[in-house]
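The structure presented is a predicted model; accordingly, all values stated were derived computationally and were not measured. Just so you know, ligand 1 is whichever comes first in the structure, and atom 1 is the first atom listed for that ligand.
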Amino acid sequence: MRTLIRHGTVVTATTAAPRDVLVDGETIARVEPEIGEPADRVVDARGKYVIPGGIDVHTHLDMPLGDITTSDDFESGTIAAAFGGTTCVVDFAVQSQGRSLSEAFETWMRKAEGRAALDYGFHMIVCDLPPGRESELDALVSEGVTSFKLFMAYPGRLMLDDATILRVLKRTAANGGMVLMHAEDGAAIELLVRRALADGHTEPRYHALTRPPATEADAVRRAIALAGRAGVPIYIVHVSAAEAVEEIAAARGRGAAVWGETCPQYLFLSDECYEAPDFEGAKYVMSPPLRARAGQARLWQGLALNDLQVVATDHCPFRMRDQKTLGREDFTKIPGGAPGIETRMSLLFDGGVRPERLSLSRWVEVTATNPARLFGLYPRKGAIAPGSDADIVVWNPQREITWSAATHHMRVDYNPYDGRLVKGAPDLVLSRGRPVIDGGRFVGRAGAGQFLKRATR
Ligand code: DUC
Ligand code: ZN
Ligand code: ZN
């Protein structure tokens with residue numbers, strides 16, 4: 001099957017130029033000003049942008065948390081992602097305490113197999129690695145799981161001590177992988193949480209009040225110091241506070257190998273959301289929490305100046321109806337996370353590119369090309385170039401969506417951006433040359449997605 005996309009503006013991380021794109025089978029064959037070759041399908045992309053499909057390197061599909069599970073699985077989650085212009089996800093497999101890393105990898109492979117409509121890879125959340133078991137990390141790297149997420153928060157559940165963090169960092173320095181850090185000071189937060197509960201404060205807004213920006217910035221500084229000591233690059237996930245951006249910017253200024261990811265919720269939503277009445281604030285309970293609106297400018301500036309390199313979603317959906325309500329009497333029991341796998345590309349286009357906070361190329365770079373580069377997928381993914389996978393989005397800058405639980409495709413009963421009108425959405429989405437979204441309809445197949453063995457640094 002050959003598809004010719006004509007008369008569009010091809011946008012990559014470096015250029016935006018009028019180009020035709022010829023897809024032959026699963027890959028891109030030619031990218032040239034004018035291609036006259038015959039094709040099975042010719043797409044007129046006049047007035048549209050032709051971009052590499054979005055790559056979301058931070059999702060939690062079919063993830064257990066206590067007795068519940070995130071409400072999107074690999075089928076519903078990847079279909080929703082495709083509707084939003086994302087063609088590839090890197091999801092987090094989670095080690096069970098006391099069990100091996102390879103067991104978690106096999107469990108997540110089974111979750112995705114036969115369900116994912118898009119190509120996918122995995123990071124591994126390491127929450128328990130006694131001395132002597134470091135070779136389990138190397139084994140994952142050879143399977144193509146080349147990145148490990150560690151937690152500095154959630155004592156007793158996910159938090160690692162400094163000795164374990166250092167051992168993982170050093171092993172990763174040797175095996176060529178990457179460490180992703182959840183940087184929040186778990187001990188300081190624990191003290192604030194206990195005091196809030198002792199004072200009878202149970203409402204959702206106390207989630208944010210017990211995780212102030214300094215607890216994030218302090219942890220970011222310490223994570224960077226530990227990675228520096230181990231001689232390994234570090235990627236800070238879900239950066240939310242301006243103070244944390246300052247830490248990353250300062251370290252990068254000293255030449256440290258540090259990368260930062262933020263998420264649309266931190267760019268577009270603020271801690272005012274926690275003031276909503278009737279437990280509505282629970283929709284926005286996530287870690288780190290939403291911050292004061294005044295700090296958002298630093299996140300945008302960070303993206304523009306390359307203090308931050310990636311916008312991912314931290315898609316972690318829980319239903320309001322029967323999941324978020326577990327914390328009605330106690331904010332610490334609200335499952336943390338919010339949906340976003342579908343809304344990222346449109347939000348960033350509408351609220352980033354259109355008001356000229358980001359150039360078209362920077363939009364593509366932070367949503368597709370940098371994620372591919374940092375996580376061992378480039379140039380197979382994240383590029384519009386001969387030889388790359390034909391994961392292509394024909395982006396219609398005029399297409400409008402008003403976000404709501406009724407208009408989105410995520411399997412969750414609320415949308416954090418409810419009522420927000422965005423301009424800019426996909427007309428056509430190709431995954432390895434096959435249409436998955438065409439004219440607003442899903443035309444792909446659950447199970448067509450392939451596991452991606454990712455490369456090392
Ligand atoms: N960290 C994440 O990255 N996602 C969900 C919850 C959390 O703490
Ligand atoms: Zn996290
Ligand atoms: Zn996450």
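No other N/O/S atom of Asp314 lies as close to the Zn ion (ligand 3) as OD1 does. Taking the N/O/S atoms of His182 in turn, the shortest distance to the Zn ion (ligand 2) belongs to ND1.
Contact analysis puts Asp314 in contact with ligand 1, with a non-hydrogen atom separation below 4.0 angstrom.
The two atoms that bring Ser240 and Leu299 nearest to each other are O-CD1, 3.8 Å, heavy atoms only. Looking at every heavy atom in both residues, Leu269 comes nearest to Gln296 through O-NE2, 2.9 Å.
Because the distance cut-off is set at 2.8 Å, His58 qualifies as a neighbour of the Zn ion (ligand 3) through one of its N, O or S atoms. Contact annotation: His60 places an N, O or S atom under 2.8 Å from the Zn ion (ligand 3). Counting backbone and side-chain atoms alike, Lys149 contributes an N/O/S atom closer than 2.8 Å to the Zn ion (ligand 2).
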(message) Between His315 and His60, is the side-chain hydrogen bond (donor to acceptor under 3.5 Å, both in side chains) condition met? List the steps.
(response) CA-CA 6 Å; His315 178 73; His60 300 278; over 6 Å; no

(message) Run the side-chain hydrogen bond (donor to acceptor under 3.5 Å, both in side chains) test on Glu184 and His182 for me, step by step, so that the C-alpha distance in whole Å, both residues' side-chain angles and the decisive distance to 0.1 Å come before the verdict.
(response) CA-CA 6 Å; Glu184 283 188 302; His182 179 117; 2.8 Å; yes

(message) For a side-chain hydrogen bond (donor to acceptor under 3.5 Å, both in side chains) check, start with the C-alpha distance between Ser359 and Ser361, then their side-chain angles and the critical distance, and finish with the verdict.
(response) CA-CA 5 Å; Ser359 69; Ser361 284; 5.1 Å; no

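Close contacts between ligand 1 and His60 involve ligand atoms 2 (C), 3 (O), 4 (N), 5 (C) [criterion: under 4.0 Å to a heavy atom]. Ligand-side atoms of ligand 1 in range of His182: 1 (N), 7 (C), 8 (O), range being under 4.0 angstrom from any heavy atom.
Protein heavy atom nearest atom 3 (O) of ligand 1, with residue, atom name and distance: Lys149 NZ, 2.6 Å. Nearest protein neighbour of atom 6 (C) of ligand 1, counting heavy atoms only, is Tyr154 OH, 4.1 Å.
The cationic atom of Arg420 (NZ for Lys, CZ for Arg) does not lie both less than 6.0 Å from the six-membered ring centre of Trp403 and within 45° of the ring axis. Both the sub-6.0 Å distance and the 45° axial angle are satisfied by Arg211 relative to the ring of Tyr154. The cationic atom of Lys149 (NZ for Lys, CZ for Arg) lies less than 6.0 Å from the six-membered ring centre of Phe92 and within 45° of the ring axis.
Residue-level proximity to ligand 1 for Met286 is absent, since no heavy atom of it falls below 4.0 angstrom. Contacts between Phe92 and ligand 1 below 4.0 angstrom, taking non-hydrogen atoms only, are absent altogether.
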